[in-house]
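Report on one structure; see the data block that follows.
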Amino acid sequence: MGRVACCEKVGLKKGPWTPDEDKKLLDYVRNYGHGNWRSVPAKAGLQRCGKSCRLRWINYLKPDIKRGNFSAEEDHTIIQLHALLGNKWSIIAAHLPQRTDNEIKNYWNTNIKKRLIRMGLDPITHKKIENNTFEPFGGCHEYPKDNINICHVAQWEGARLEAEARGSKLQVGSGSSQLSGLILRKIPTQPCLSSHSVSTKNNTAYNIF
DNA sequence: AATAGCGCCAACCGCCGCCTA
DNA sequence: ATAGGCGGCGGTTGGCGCTAT
(Lines give C-alpha, C1' and ligand atoms only; values in the text may rest on other atoms or scores of the structure.)
Protein backbone atom coordinates (compact mmCIF):
# COMPACT_ATOMS: atom_id res chain seq x y z
CA MET A 1 0.00 0.00 0.00
CA GLY A 2 2.89 2.35 0.50
CA ARG A 3 3.15 4.21 3.71
CA VAL A 4 3.21 7.93 3.87
CA ALA A 5 5.75 9.75 5.99
CA CYS A 6 4.79 10.10 9.62
CA CYS A 7 3.99 13.73 9.04
CA GLU A 8 4.04 16.41 6.42
CA LYS A 9 7.64 17.45 6.31
CA VAL A 10 7.01 20.91 4.97
CA GLY A 11 7.54 23.58 7.55
CA LEU A 12 8.34 21.27 10.41
CA LYS A 13 11.34 21.97 12.53
CA LYS A 14 14.10 19.40 12.91
CA GLY A 15 17.23 19.14 15.00
CA PRO A 16 17.91 19.89 18.63
CA TRP A 17 15.04 20.98 20.85
CA THR A 18 15.09 24.42 22.41
CA PRO A 19 14.20 25.02 26.08
CA ASP A 20 11.05 26.79 24.89
CA GLU A 21 9.93 23.77 22.88
CA ASP A 22 10.69 21.50 25.80
CA LYS A 23 8.55 23.66 28.05
CA LYS A 24 5.64 23.63 25.62
CA LEU A 25 5.72 19.87 25.27
CA LEU A 26 6.20 19.31 28.98
CA ASP A 27 3.34 21.63 29.89
CA TYR A 28 1.03 20.04 27.37
CA VAL A 29 1.72 16.44 28.35
CA ARG A 30 1.51 17.27 32.04
CA ASN A 31 -1.86 18.92 31.59
CA TYR A 32 -3.52 16.75 29.00
CA GLY A 33 -1.42 13.62 28.58
CA HIS A 34 0.01 12.79 25.20
CA GLY A 35 -3.01 10.91 23.82
CA ASN A 36 -2.52 10.75 20.08
CA TRP A 37 1.08 11.76 19.45
CA ARG A 38 0.31 12.96 15.94
CA SER A 39 -2.04 15.57 17.28
CA VAL A 40 0.28 16.70 20.09
CA PRO A 41 2.44 19.17 18.13
CA ALA A 42 -0.55 21.15 16.87
CA LYS A 43 -2.23 21.21 20.28
CA ALA A 44 1.00 22.07 22.09
CA GLY A 45 1.89 24.77 19.57
CA LEU A 46 4.98 23.04 18.26
CA GLN A 47 6.31 22.96 14.71
CA ARG A 48 7.42 19.38 15.16
CA CYS A 49 6.50 15.93 13.93
CA GLY A 50 4.51 13.82 16.38
CA LYS A 51 7.21 11.20 16.35
CA SER A 52 9.77 13.79 17.27
CA CYS A 53 7.62 14.90 20.21
CA ARG A 54 7.17 11.33 21.37
CA LEU A 55 10.90 10.67 21.20
CA ARG A 56 11.73 13.86 23.03
CA TRP A 57 9.29 13.01 25.77
CA ILE A 58 10.43 9.42 26.17
CA ASN A 59 14.15 10.10 25.99
CA TYR A 60 14.42 13.38 27.81
CA LEU A 61 11.36 14.98 29.35
CA LYS A 62 9.67 12.08 31.10
CA PRO A 63 9.93 12.80 34.81
CA ASP A 64 11.19 9.43 36.03
CA ILE A 65 14.23 9.27 33.79
CA LYS A 66 17.58 8.70 35.42
CA ARG A 67 20.40 10.43 33.61
CA GLY A 68 24.14 10.37 33.95
CA ASN A 69 26.62 7.59 34.39
CA PHE A 70 25.54 3.98 34.46
CA SER A 71 26.23 2.15 37.70
CA ALA A 72 28.22 -1.06 37.77
CA GLU A 73 25.00 -2.93 38.46
CA GLU A 74 23.25 -1.38 35.47
CA ASP A 75 26.31 -2.12 33.38
CA HIS A 76 26.22 -5.78 34.38
CA THR A 77 22.50 -6.02 33.80
CA ILE A 78 22.85 -4.65 30.28
CA ILE A 79 25.65 -7.05 29.41
CA GLN A 80 23.79 -9.98 30.83
CA LEU A 81 20.54 -9.15 29.08
CA HIS A 82 22.30 -8.39 25.83
CA ALA A 83 23.95 -11.80 25.98
CA LEU A 84 20.50 -13.31 26.22
CA LEU A 85 18.49 -11.04 23.96
CA GLY A 86 20.82 -9.37 21.52
CA ASN A 87 19.96 -5.84 20.39
CA LYS A 88 16.51 -5.86 21.98
CA TRP A 89 17.04 -2.47 23.54
CA SER A 90 13.45 -1.87 24.47
CA ILE A 91 13.29 -5.15 26.37
CA ILE A 92 16.59 -4.47 28.10
CA ALA A 93 15.30 -1.00 28.96
CA ALA A 94 12.22 -2.54 30.52
CA HIS A 95 14.51 -4.16 33.07
CA LEU A 96 16.17 -0.84 33.83
CA PRO A 97 13.03 1.19 34.40
CA GLN A 98 14.69 4.57 34.70
CA ARG A 99 16.78 4.21 31.55
CA THR A 100 15.58 4.64 28.00
CA ASP A 101 16.27 2.23 25.18
CA ASN A 102 18.07 4.99 23.31
CA GLU A 103 20.36 5.68 26.22
CA ILE A 104 21.13 2.01 26.69
CA LYS A 105 21.77 1.60 22.98
CA ASN A 106 24.15 4.55 23.00
CA TYR A 107 25.88 3.28 26.11
CA TRP A 108 26.30 -0.11 24.52
CA ASN A 109 27.66 1.24 21.25
CA THR A 110 30.06 3.73 22.79
CA ASN A 111 31.19 1.88 25.87
CA ILE A 112 30.40 -1.77 26.44
CA LYS A 113 30.87 -2.88 22.86
CA LYS A 114 34.37 -1.47 22.74
CA ARG A 115 35.19 -2.91 26.13
CA LEU A 116 34.15 -6.40 25.02
CA ILE A 117 36.21 -6.09 21.87
CA ARG A 118 39.22 -4.99 23.90
CA MET A 119 38.72 -8.09 26.02
CA GLY A 120 38.71 -10.25 22.93
CA LEU A 121 35.01 -10.99 23.08
CA ASP A 122 32.63 -10.75 20.19
CA PRO A 123 30.08 -8.08 21.18
CA ILE A 124 27.34 -9.89 19.30
CA THR A 125 27.76 -13.39 20.63
CA HIS A 126 29.71 -12.52 23.79
CA LYS A 127 32.02 -15.34 22.92
CA LYS A 128 35.77 -15.30 22.71
CA ILE A 129 36.89 -14.15 19.29
CA GLU A 130 39.10 -16.85 17.88
CA ASN A 131 40.28 -17.35 14.30
CA ASN A 132 37.48 -15.21 12.98
CA THR A 133 34.84 -17.77 13.73
CA PHE A 134 31.96 -15.41 14.25
CA GLU A 135 28.76 -17.26 14.93
CA PRO A 136 25.33 -15.77 14.56
CA PHE A 137 23.63 -15.31 17.90
CA GLY A 138 22.38 -18.61 19.14
CA GLY A 139 24.73 -20.81 17.20
CA CYS A 140 25.40 -23.51 19.74
CA HIS A 141 25.79 -26.59 17.65
CA GLU A 142 29.55 -26.82 17.82
CA TYR A 143 29.91 -26.61 21.55
CA PRO A 144 30.41 -29.38 24.07
CA LYS A 145 27.40 -31.16 25.45
CA ASP A 146 27.72 -29.45 28.80
CA ASN A 147 27.02 -26.18 27.14
CA ILE A 148 23.95 -27.27 25.30
CA ASN A 149 21.94 -27.11 28.48
CA ILE A 150 23.30 -23.65 29.19
CA CYS A 151 22.30 -22.63 25.71
CA HIS A 152 18.79 -23.93 26.22
CA VAL A 153 18.50 -22.15 29.52
CA ALA A 154 19.66 -18.94 27.91
CA GLN A 155 17.19 -19.25 25.07
CA TRP A 156 14.40 -20.01 27.47
CA GLU A 157 15.36 -17.14 29.73
CA GLY A 158 15.56 -14.85 26.74
CA ALA A 159 12.04 -15.68 25.71
CA ARG A 160 10.88 -15.31 29.28
CA LEU A 161 12.54 -11.94 29.70
CA GLU A 162 10.94 -10.75 26.51
CA ALA A 163 7.53 -11.83 27.70
CA GLU A 164 8.18 -10.33 31.10
CA ALA A 165 9.27 -7.04 29.59
CA ARG A 166 6.09 -6.89 27.57
CA GLY A 167 4.12 -7.55 30.71
CA SER A 168 5.94 -4.88 32.66
CA LYS A 169 5.03 -2.36 29.99
CA LEU A 170 1.42 -3.00 30.67
CA GLN A 171 1.89 -2.72 34.39
CA VAL A 172 4.01 0.30 35.02
CA GLY A 173 6.24 -0.12 38.05
CA SER A 174 5.52 -3.77 38.38
CA GLY A 175 8.81 -4.40 40.10
CA SER A 176 10.47 -5.96 37.12
CA SER A 177 13.84 -4.75 38.31
CA GLN A 178 13.54 -7.00 41.33
CA LEU A 179 12.57 -9.84 39.06
CA SER A 180 15.48 -9.20 36.79
CA GLY A 181 17.75 -9.17 39.79
CA LEU A 182 16.49 -12.59 40.67
CA ILE A 183 16.93 -13.78 37.14
CA LEU A 184 20.44 -12.45 36.93
CA ARG A 185 21.44 -14.36 39.98
CA LYS A 186 20.13 -17.52 38.48
CA ILE A 187 21.33 -17.27 34.92
CA PRO A 188 24.60 -18.96 34.11
CA THR A 189 27.19 -17.11 32.06
CA GLN A 190 26.75 -16.11 28.44
CA PRO A 191 24.63 -18.34 26.32
CA CYS A 192 26.47 -20.95 24.32
CA LEU A 193 29.69 -20.55 26.21
CA SER A 194 32.72 -21.73 24.45
CA SER A 195 35.31 -23.66 26.36
CA HIS A 196 37.46 -20.55 26.10
CA SER A 197 35.07 -18.40 28.00
CA VAL A 198 36.79 -16.07 30.38
CA SER A 199 34.23 -16.63 33.09
CA THR A 200 35.42 -19.84 34.59
CA LYS A 201 35.56 -19.10 38.28
CA ASN A 202 32.03 -18.70 39.42
CA ASN A 203 30.38 -19.26 36.12
CA THR A 204 28.70 -15.89 36.00
CA ALA A 205 29.30 -13.07 33.62
CA TYR A 206 29.67 -10.72 36.57
CA ASN A 207 33.08 -12.16 37.19
CA ILE A 208 34.38 -10.87 33.91
CA PHE A 209 34.22 -7.26 34.96
C1' DA B 1 46.97 28.78 19.11
C1' DA B 2 45.09 26.29 15.41
C1' DT B 3 43.17 22.32 13.63
C1' DA B 4 42.48 17.54 12.76
C1' DG B 5 40.69 13.41 14.73
C1' DC B 6 37.75 11.06 17.76
C1' DG B 7 33.98 9.92 20.90
C1' DC B 8 29.54 10.71 22.61
C1' DC B 9 24.75 11.33 22.33
C1' DA B 10 20.40 13.48 20.77
C1' DA B 11 17.60 13.04 17.10
C1' DC B 12 16.14 11.29 12.63
C1' DC B 13 14.75 7.62 9.39
C1' DG B 14 12.52 3.76 7.75
C1' DC B 15 10.48 -0.48 8.77
C1' DC B 16 7.33 -3.47 11.34
C1' DG B 17 3.40 -5.10 14.00
C1' DC B 18 -0.94 -4.12 15.92
C1' DC B 19 -5.42 -2.21 15.74
C1' DT B 20 -9.51 -0.49 13.60
C1' DA B 21 -12.88 0.57 10.17
C1' DA C 1 -10.01 -9.86 4.19
C1' DT C 2 -7.58 -5.81 3.77
C1' DA C 3 -6.24 -0.92 3.57
C1' DG C 4 -4.74 2.63 6.34
C1' DG C 5 -3.24 4.84 10.69
C1' DC C 6 -0.48 4.78 14.59
C1' DG C 7 3.01 3.66 18.02
C1' DG C 8 7.19 1.47 18.71
C1' DC C 9 11.65 -0.25 17.56
C1' DG C 10 16.49 -0.57 15.96
C1' DG C 11 19.94 1.36 12.95
C1' DT C 12 22.17 5.39 11.55
C1' DT C 13 23.66 10.12 11.36
C1' DG C 14 25.16 14.79 12.36
C1' DG C 15 26.77 18.09 15.46
C1' DC C 16 29.16 19.33 19.44
C1' DG C 17 32.88 19.06 22.69
C1' DC C 18 37.17 17.12 24.07
C1' DT C 19 41.88 15.56 23.11
C1' DA C 20 46.03 15.01 20.56
C1' DT C 21 49.28 16.84 17.43
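Here is the naming used below: chain letters follow the sequence lines, and residue numbers restart at 1 for every chain.
A heavy-atom distance below 4.5 Å is not found between the side chains of A:K43 and A:Y32. Put simply, the side chain of A:H82 reaches to within 4.5 Å of the side chain of A:W89, judged on heavy atoms. Side-chain contact between A:W37 and A:L55: absent, with no pair of heavy atoms (C-beta onward) separated by less than 4.5 Å. Two residues are said to be in side-chain contact when any heavy atoms from C-beta on lie closer than 4.5 Å; A:C53 and A:W17 meet this criterion. Taking the side chain as every heavy atom from C-beta outward, A:L46 and A:L25 approach each other to under 4.5 Å.
To the nearest 0.5 Å, the span separating CG on A:N102 from CD1 on A:I58 amounts to 10.0 Å. For the atom pair CG (A:N59) and CD (A:E103), the distance works out to 8.5 Å, reported to the nearest 0.5 Å.
Residue A:R56 places at least one side-chain N or O closer than 4.0 Å to OP1 or OP2 of B:dA11. Residue A:R54 places at least one side-chain N or O under 4.0 Å from the OP1 or OP2 atom of C:dG8. For B:dA11, the OP1/OP2 oxygens have no side-chain nitrogen or oxygen of A:S52 closer than 4.0 Å. Between A:R48 and the phosphate of B:dC12, there is a side-chain N or O to OP1/OP2 separation shorter than 4.0 Å.
A:N31 contributes a side-chain N or O that, together with a main-chain N or O of A:D27, makes up a donor-acceptor pair within less than 3.5 Å.
Following rounding to the nearest Å, A:K88 (NZ) and C:dC9 (C1') show an atom-to-atom distance of 9 Å. As rounded to whole Å, 17 Å separates atom C1' of B:dA10 from atom CH2 of A:W57. Between A:L12 atom CG and B:dA11 atom C1' the separation is 15 Å, expressed in whole Å. Regarding A:N69, its CG atom lies at a distance of 13 Å from the C1' atom of B:dC9, rounded to whole Å. Distance, A:K14 NZ to B:dA10 P: 19 Å, rounded to whole Å. Put simply, CD1 on A:I92 is 12 Å from P on C:dC9, counting in whole angstrom units. For A:L55 and C:dC9, the CG to C1' distance is 10 Å, given to the nearest whole Å. The NZ-P distance, from A:K13 to B:dA10, rounds to 16 Å in whole Å.
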Report task. Please lay out, stage by stage, how A:K13 and A:E21 fare under the test salt bridge (charged side-chain N to carboxylate O under 4.0 Å, His left out). Result -> CA-CA 11 Å; A:K13 196 179 168 213; A:E21 288 176 312; 3.2 Å; yes

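For the segment residues 19-32 of chain A, the set of residues with a heavy atom within less than 4.0 Å of an atom of DNA chain B is empty.
By the 30° and 60° cut-offs, the orientation of the rings of A:F70 relative to A:Y107 is parallel.
The side chain of A:T110 lies closest to B:dC9, out of B:dC9, C:dG10, B:dC15.
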Could you pull out the protein-nucleic contacts involving nucleotides 11-15 of chain C (nitrogen or oxygen on both sides, under 3.5 Å)?
residue, atom, partner, partner atom, Å
C:dG11, OP1, A:N87, ND2, 3.1
C:dG11, OP2, A:N87, ND2, 3.4
C:dG11, OP2, A:W89, NE1, 3.2
C:dG11, N7, A:K105, NZ, 2.6
C:dG11, O6, A:K105, NZ, 3.0

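Put simply, the side chain of A:K114 and the base of B:dG7 share no donor and acceptor less than 3.5 Å apart.
Across all strands shown, B:dC15 pairs with C:dG8; the Watson-Crick or G-U wobble distances both stay below 3.5 Å.
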